[in-house]
Amino acid sequence: MEMISPGQIYLADQRGLVKTQVWRRYSSFNYGDYFNEYRRPFGRLEVWNDEMLAGGKSAIVTVESPCRFVLIPVTGEVLLKKSNGDMRLIDVGEVFVGQAAAGERFELMNLYESDWINYIYLQLKDNEVVNVACDEVFNFDLTDKQNQLINVVPHTADHPFRLHIGQFGGRTDALYRVQSDSSLFYAFVLAGAFELQGRLMHERDGLALWQLEEADLEALSNNAVVVILEILW
């Protein structure tokens with residue numbers, strides 16, 4: 001009999017939504033004016049936002065406490081403009097990992113004239129000391145590595161977490177082994193549907209798990225894509 005690890009599902013249609021004519025933000029956790037007593041931070045994971053931005057527009061992010069943040073373009077390029085003037089263009093197939101101090105503001109920009117873009121923005125609560133030199137871009141290619149979980153952001157002293165992304169055909173499966181028995185595990189379905197550790201997950205659903213040694217997943221549709229974050233501190 002399969003062991004069912006304790007966990008919580010974050011259904012896509014129950015996320016917090018803020019939208020204007022040029023921008024939409026779906027929040028899996030409490031963020032901004034959105035609050036739900038069942039959407040509190042999961043360990044150090046405080047923010048998991050699924051955002052869409054119209055052509056030629058920008059969104060401002062204000063950081064309330066020291067954090068590590070991750071930016072994953074889903075469709076289109078995202079221009080990150082930091083308060084110190086640094087700019088970085090991040091494309092699909094890249095993941096940006098950075099750090100920010102309390103009170104820091106930065107801008108996310110869509111350089112296309114008319115096309116909308118979609119990106120995932122997440123934040124992990126950090127310690128008071130922030131080393132901005134840890135900003136880094138990681139590359140991955142889903143088409144070249146089908147039906148496997150790609151270790152996009154490996155665990156290092158600078159990045160005390162792991163980030164995997166995988167694209168799977170229907171009825172293919174994979175096994176994820178956590179690095180530490182104290183790890184916290186969070187999965188987010190970008191496309192398609194999965195059965196993950198005994199839970200049925202649809203597009204843009206999230207799943208938090210703890211007290212586990214491994215997590216098994218099976219894609220239930222073609223070109224199903226999942227992002228897995230393992231928090232190790």
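The figures here come from the full heavy-atom set of this structure, side chains too, leaving out hydrogens, waters and symmetry mates. Because the structure is a prediction, the values reported are computed rather than measured. Positions are given from 1, in the same order as the sequence printed here.
Between the side chain of E94 and the main chain of D91, a donor-acceptor pair closer than 3.5 Å is present. Side-chain N or O atoms of E195 include none that pairs as donor or acceptor with a backbone N or O of E218 at under 3.5 Å. Without hydrogens or angle criteria, S221 side chain to A224 main chain gives no donor-acceptor distance under 3.5 Å. Under a 3.5 Å cut-off, the side chain of D144 and the backbone N or O of D141 do not form any donor-acceptor pair. N222 places no side-chain N or O within 3.5 Å of a backbone atom of G169 that could act as its donor or acceptor partner. Using modelled atom types, one side-chain atom of N110 and one backbone atom of D115 make a donor-acceptor pair closer than 3.5 Å. Judged by distance alone, with hydrogens and angles left aside, the side-chain atoms of Q197 form a donor-acceptor pair with the main-chain N or O of D216 at under 3.5 Å. Not a single donor-acceptor pair under 3.5 Å links the side chain of R171 to the backbone N or O of L220. Side-chain atoms of D135 come within 3.5 Å of backbone N or O of Q99 as a donor-acceptor pair. R199 contributes no side-chain N or O that, together with a main-chain N or O of L196, makes up a donor-acceptor pair within less than 3.5 Å.
One distance of note links CE of M52 with CG of D50; it measures 5.0 Å at 0.5 Å rounding. Atom CG of N118 and atom OG1 of T75 lie 4.5 Å apart (nearest 0.5 Å). Within the model, atoms CD1 of I228 and CD1 of I150 stand 11.5 Å from one another, a figure rounded to the nearest 0.5 Å. Interatomic distance, CG of L71 versus CD of E51, reported as 9.0 Å (0.5 Å rounding). Atoms CZ and CG, on R162 and N151 in that order, are 6.0 Å from each other to the nearest 0.5 Å. For the atom pair CH2 (W48) and CD1 (I120), the distance works out to 7.0 Å, reported to the nearest 0.5 Å.
Ionic pairing of D126 and R44 is not present here: no N-O contact between side-chain nitrogen and carboxylate oxygen is shorter than 4.0 angstrom.
Aromatic pair H155/F161: ring centres not closer than 6.0 Å. Aromatic rings from F194 and F188 are positioned such that their centres are separated by 6.0 Å or more.
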Applying side-chain contact (heavy atoms from CB on, under 4.5 Å), run through V95 and I165 and close with a yes or a no. CA-CA 10 Å; V95 172; I165 301 176; 4.3 Å; yes

Output, in order, the C-alpha distance, side-chain angles, deciding distance and verdict of side-chain contact (heavy atoms from CB on, under 4.5 Å) for F42 and L209. CA-CA 9 Å; F42 177 52; L209 297 173; 5.9 Å; no

Y119 and I72: side-chain contact (heavy atoms from CB on, under 4.5 Å), yes or no, with the steps? CA-CA 5 Å; Y119 54 87; I72 310 171; over 6 Å; no

List the steps and the verdict of side-chain contact (heavy atoms from CB on, under 4.5 Å) for V70 and Y121. CA-CA 6 Å; V70 178; Y121 172 80; over 6 Å; no

If you apply the rule side-chain hydrogen bond (donor to acceptor under 3.5 Å, both in side chains), what do you find for Q14 with Y38, and how did you get there? CA-CA 11 Å; Q14 294 181 6; Y38 301 108; over 6 Å; no

Evaluate side-chain hydrogen bond (donor to acceptor under 3.5 Å, both in side chains) for T62 paired with R105, printing each intermediate quantity in order. CA-CA 4 Å; T62 302; R105 289 163 55 92; 3.3 Å; yes

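Using a 30° and 60° split on the angle between ring planes, F29 and Y186 fall in the tilted class, from 30° to 60°. Using a 30° and 60° split on the angle between ring planes, F106 and F69 fall in the parallel class, below 30°.
Around the CD atom of E213, the shell of radius 6.0 Å holds no more than 12 heavy atoms that belong to other residues, nucleotides or ligands. Summarising the local packing, CD of E64 is surrounded by 12 or fewer heavy atoms from other residues, nucleotides or ligands at distances under 6.0 Å.
Judged as a side-chain hydrogen bond (donor to acceptor under 3.5 Å, both in side chains), and not counting sequence neighbours, the contacts of Q8 are Y10. Partners of F140 under the ring-ring contact (aromatic ring centres under 6.0 Å, His included) rule, at least two apart in sequence or in another chain, do not exist in this structure.
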